[in-house]
There are 2 protein chains.
Amino acid sequence: MAALWQCQGVTNTSTGAVRQGSLRELNLAVVLRRIAAADRPPSRAELAAATGLTRATVSAVVDDLIAGRLVAEAEPAPRTGAGRPARGLVLAADGPAGLGLEVNVDYLAACVVDLTGAVRQHLVDRADLRPVSPADALDRLAALAAAARAAAVREGLTLAGAALAVPGLVSDGGLVRLAPNLGWRDVDVPGLLAGRPLAEPVDGIPPLVVDNEANLAALGELHAGPPGSASFLHVSGEIGIGAGIVLDGVLYRGARGWSGELGHIPVDPRGRPCRCGGQGCLERYAGQEAILAAAGLAGADLPADTAATRLADLAEAGDPATLTALTDAGTALGVAVAGVVNLLDLDTVVLGGGYAPLARWLSPPVIAEVSRRVLTAAWSPVTVRPAALGAQSAAVGGAASVVRRIVDRPVGWLARSS
Amino acid sequence: MAALWQCQGVTNTSTGAVRQGSLRELNLAVVLRRIAAADRPPSRAELAAATGLTRATVSAVVDDLIAGRLVAEAEPAPRTGAGRPARGLVLAADGPAGLGLEVNVDYLAACVVDLTGAVRQHLVDRADLRPVSPADALDRLAALAAAARAAAVREGLTLAGAALAVPGLVSDGGLVRLAPNLGWRDVDVPGLLAGRPLAEPVDGIPPLVVDNEANLAALGELHAGPPGSASFLHVSGEIGIGAGIVLDGVLYRGARGWSGELGHIPVDPRGRPCRCGGQGCLERYAGQEAILAAAGLAGADLPADTAATRLADLAEAGDPATLTALTDAGTALGVAVAGVVNLLDLDTVVLGGGYAPLARWLSPPVIAEVSRRVLTAAWSPVTVRPAALGAQSAAVGGAASVVRRIVDRPVGWLARSS
DNA sequence: GCCATTTAATTCAACCACTGAACAAATTGG
DNA sequence: CCAATTTGTTCAGTGGTTGAATTAAATGGC
């Protein structure tokens with residue numbers, strides 16, 4: 001999970017006991033989620049019918065939500081037939097917002113997402129961060145975050161928390177154990193950010209959560225993608241290959257928070273040796289370096305994020321080596337993905353990160369392997385599609401995860417803003 | 001999930017809304033779970049301290065649980081220091097119990113597990129069921145179930161539900177889509193059982209749940225295994241290779257309930273063709289037939305469950321072909337398991353089903369592959385161990401799942417027994 | 001042997017949040 | 001312009017938790 005300061009909340013504690021006030025707490029969440037999920041602004045009466053609560057209760061709950069600036073009344077009431085016109089309820093666009101941050105190999109990003117899910121700010125600072133020390137990188141990130149925060153405040157938003165995406169393994173407490181492509185090892189992010197506004201807890205609410213880039217990108221996809229697919233695998237193809245696993249609408253993080261190491265699934269047990277110590281890992285066949293080498297671009301030392309667009313350009317132009325490289329990579333990816341789908345029975349696979357611009361060429365071999373190897377594919381097909389957000393979805397996903405936390409447990413925000 | 005009659009319960013509906021009575025409903029579950037999880041009979045006061053509820057509330061809740069025969073007071077009160085002696089609370093051994101059933105290739109099984117988790121009945125009917133029609137097989141099963149039920153009733157137990165384990169894919173509604181080794185296809189279990197006591201719903205409570213054998217075996221392991229490992233992979237090595245995935249203490253069933261097809265994870269993408277249409281599936285290297293063939297026992301046509309013991313005997317005797325066969329199978333299994341652990345970050349892998357008696361020889365190569373290929377294995381080792389229940393754990397797991405449902409939502413039972 | 005001490009469990013008035021019904025508000029249609 | 005209709009609010013009633021006081025049942029010191 002990697003939350004800096006685990007903020008479990010007052011009620012509904014780890015014991016699960018339901019106290020007096022939990023009733024209201026839970027119903028606030030139920031009603032707010034319903035408003036968030038509705039496709040058009042629902043009325044109080046519709047919410048009552050949908051949730052099974054009384055209209056009286058819904059009114060009281062909605063009053064609390066409006067007072068807490070989480071919900072607003074949509075002025076143009078949706079016209080229906082006879083009767084008193086309903087007043088539509090929408091998520092407030094001027095209430096709390098989430099700050100999403102990302103450190104990657106060749107850029108820093110900060111973005112702000114409001115309650116409705118709209119991206120209100122998006123700043124990117126391009127620079128090769130490999131030669132930069134972690135402390136300096138976080139310095140620049142803090143500056144970028146401050147700029148984003150200032151712009152958001154000017155728009156009337158209040159930041160309710162932040163999430164930082166890192167391309168590596170993050171353990172509890174925000175410690176980055178290993179980010180190989182960044183060259184980080186045991187970097188204590190909260191320690192290095194100490195004293196900066198980002199790190200100051202406000203009323204006990206954790207200001208910053210550090211998480212794996214693939215995890216947050218998957219959350220971004222859950223947030224931005226088409227509704228319906230609540231169980232999917234989001235594959236982030238960068239230099240390494242990470243995956244975020246969303247099961248029934250919740251991100252699965254694993255026993256220690258280190259799930260999703262798709263890049264080291266064996267696709268050829270006696271194949272190419274991998275720097276992880278294993279052999280035949282997917283990364284050696286479908287990782288960025290492997291694709292570049294197969295396309296004849298080895299050692300070109302491209303900026304990491306232009307590698308994908310460069311490959312896309314070459315493929316577009318019909319370069320045979322590139323096309324073969326992408327087909328081979330897609331086949332290897334398909335083998336690994338087929339195993340995952342057999343195991344987890346997912347209905348959707350999303351190609352994200354560096355794979356997003358290459359999805360046109362990667363998808364066919366992936367689909368071919370999946371439909372050949374997945375037992376249940378015959379009577380229940382698996383969808384393979386590019387990520388809705390494309391690259392840099394991790395920052396958006398991080399910001400969205402902050403917002404999602406508020407929607408899932410509005411009491412935390414309401415207590416803060418009193 | 002494959003519940004025959006989805007019994008969502010009255011309160012805490014699909015909307016998640018929390019109504020008046022849900023408060024009690026939830027607290028009943030909280031207190032009961034606590035009693036179940038405690039290592040010695042807790043007092044009401046201890047429960048209050050542990051849950052955060054008031055002693056008054058706990059008393060009221062416990063009264064309800066005792067009245068509903070879910071909890072009993074342990075007579076020998078645990079001695080402490082001064083003060084009025086506490087009255088220990090334990091799960092009732094004479095209350096509701098679960099019936100677990102299993103149809104497999106060469107046996108039928110029925111067992112009864114009470115609330116405390118004790119196996120109170122265990123009947124096995126050995127017979128090769130491949131030549132038998134599904135209707136006849138279910139006939140025999142119903143007879144076995146009736147015998148187990150009668151014996152349980154004689155001991156003062158009340159059956160609260162049943163779960164049937166089938167070695168195949170089960171879809172919602174109890175329809176067995178495909179059980180290859182049994183030769184079943186689209187078998188409508190509830191339809192064939194119609195009219196039998198097993199299929200009669202009592203007060204809307206689903207009398208029978210049909211589920212995959214590997215899923216229920218994993219639940220059995222969760223129930224019987226050492227506490228602590230709440231995220232594990234339970235591998236059932238039969239003719240096919242199934243796996244039950246338990247994440248944070250709950251069985252993961254997949255988007256459509258067809259998760260765990262470990263047998264068709266590719267371990268050699270250009271390897272042996274598999275009858276699933278794929279190539280190099282694990283089943284072709286570590287399935288029972290593959291091991292027997294490699295050990296020189298191909299076509300011996302052994303009763304399926306003696307195959308494992310036969311192999312164990314040969315390995316015990318030092319037969320070189322068998323030892324090589326087991327090492328190779330273990331290596332293939334290790335490759336697949338390493339991929340799974342990389343993906344899901346599990347800390348434990350349980351070898352169950354037919355693998356249980358062979359674990360002594362399979363574990364070393366599995367561990368070798370896992371520690372070589374799992375990225376995080378270095379600083380956080382993965383445990384590989386044989387199943388605590390061994391073969392036939394599916395029936396026990398099924399019975400335990402019935403009991404677990406009661407502990408997780410006691411209101412369902414209390415409403416029934418009023 | 002008795003009483004202060006201690007801890008367990010119950011009782012009871014207060015209170016919080018939901019319920020259900022009655023009522024006020026706001027619009028359509030005849 | 002009024003009946004019909006639907007939304008939203010008000011208010012007494014109720015279920016269930018809370019917190020403090022009370023009763024219950026032991027230990028241990030004098």
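Sequence lines set the chain letters: A, B, ... in the order given, protein chains first and strands last, and positions in each chain run from 1.
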In chain order, what residues pass the side chain to side chain contact (heavy atoms under 4.5 Å, CB included) check against [X], with sequence neighbours excluded?
X	result
A/R24	A/L28, A/A60, A/V61, A/D64
A/D63	A/R44
B/A93	B/D114, B/T116, B/R120

Hey, are the side chains of B/L159 and B/V112 touching, using non-hydrogen atoms and a 4.5 Å cut-off?
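Side-chain contact under 4.5 Å: yes.
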Could you check if a side-chain atom of B/V402 sits within less than 4.5 angstrom of a side-chain atom of B/L99, using non-hydrogen atoms only?
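Counting from C-beta outward, B/V402 and B/L99 never come under 4.5 Å.
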A/D248: side-chain hydrogen bond (donor to acceptor under 3.5 Å, both in side chains) partners, not counting sequence neighbours:
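A/S231.
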Roughly, in whole Å, what's the span from [atom1] in [X] to [atom2] in [N]?
X	N	atom1	atom2	value
B/D64	C/dA9	CG	P	17 Å
A/L47	D/dG8	CG	C1'	12 Å
A/L26	D/dT17	CG	P	13 Å

Is the shortest side-chain N to carboxylate O distance from B/R40 to B/E46 below 4.0 Å?
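Yes, B/R40 and B/E46 are salt-bridged.
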Between the protein and nucleotides 3-6 of chain D, list every N/O to N/O distance that falls short of 3.5 Å.
unit_1	atom_1	unit_2	atom_2	d
D/dT5	O2	A/G83	N	3.4
D/dT6	O2	A/R84	N	2.8

Do A/R69 and A/T158 have a side chain donor and acceptor closer than 3.5 Å?
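On atom types as modelled, these side chains qualify, holding a pair under 3.5 Å.
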Can you pull every protein N or O that's under 3.5 Å from an N or O on nucleotides 18-22 of chain C?
unit_1	atom_1	unit_2	atom_2	d
C/dC18	OP1	A/N27	ND2	2.9
C/dC18	OP2	A/R24	NE	3.1
C/dC18	OP2	A/R24	NH2	3.2
C/dC18	O2	B/Q20	NE2	3.2
C/dT19	OP1	B/R19	NE	3.3
C/dT19	OP2	A/T54	N	3.3
C/dT19	OP2	A/T54	OG1	2.6
C/dT19	OP2	A/T57	OG1	3.1
C/dT19	O5'	A/T54	OG1	3.4

Please tell me if A/S59 has a side-chain N or O lying less than 4.0 Å from either OP1 or OP2 of D/dG8.
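The answer is no; no side-chain N or O of A/S59 sits under 4.0 Å from OP1 or OP2.
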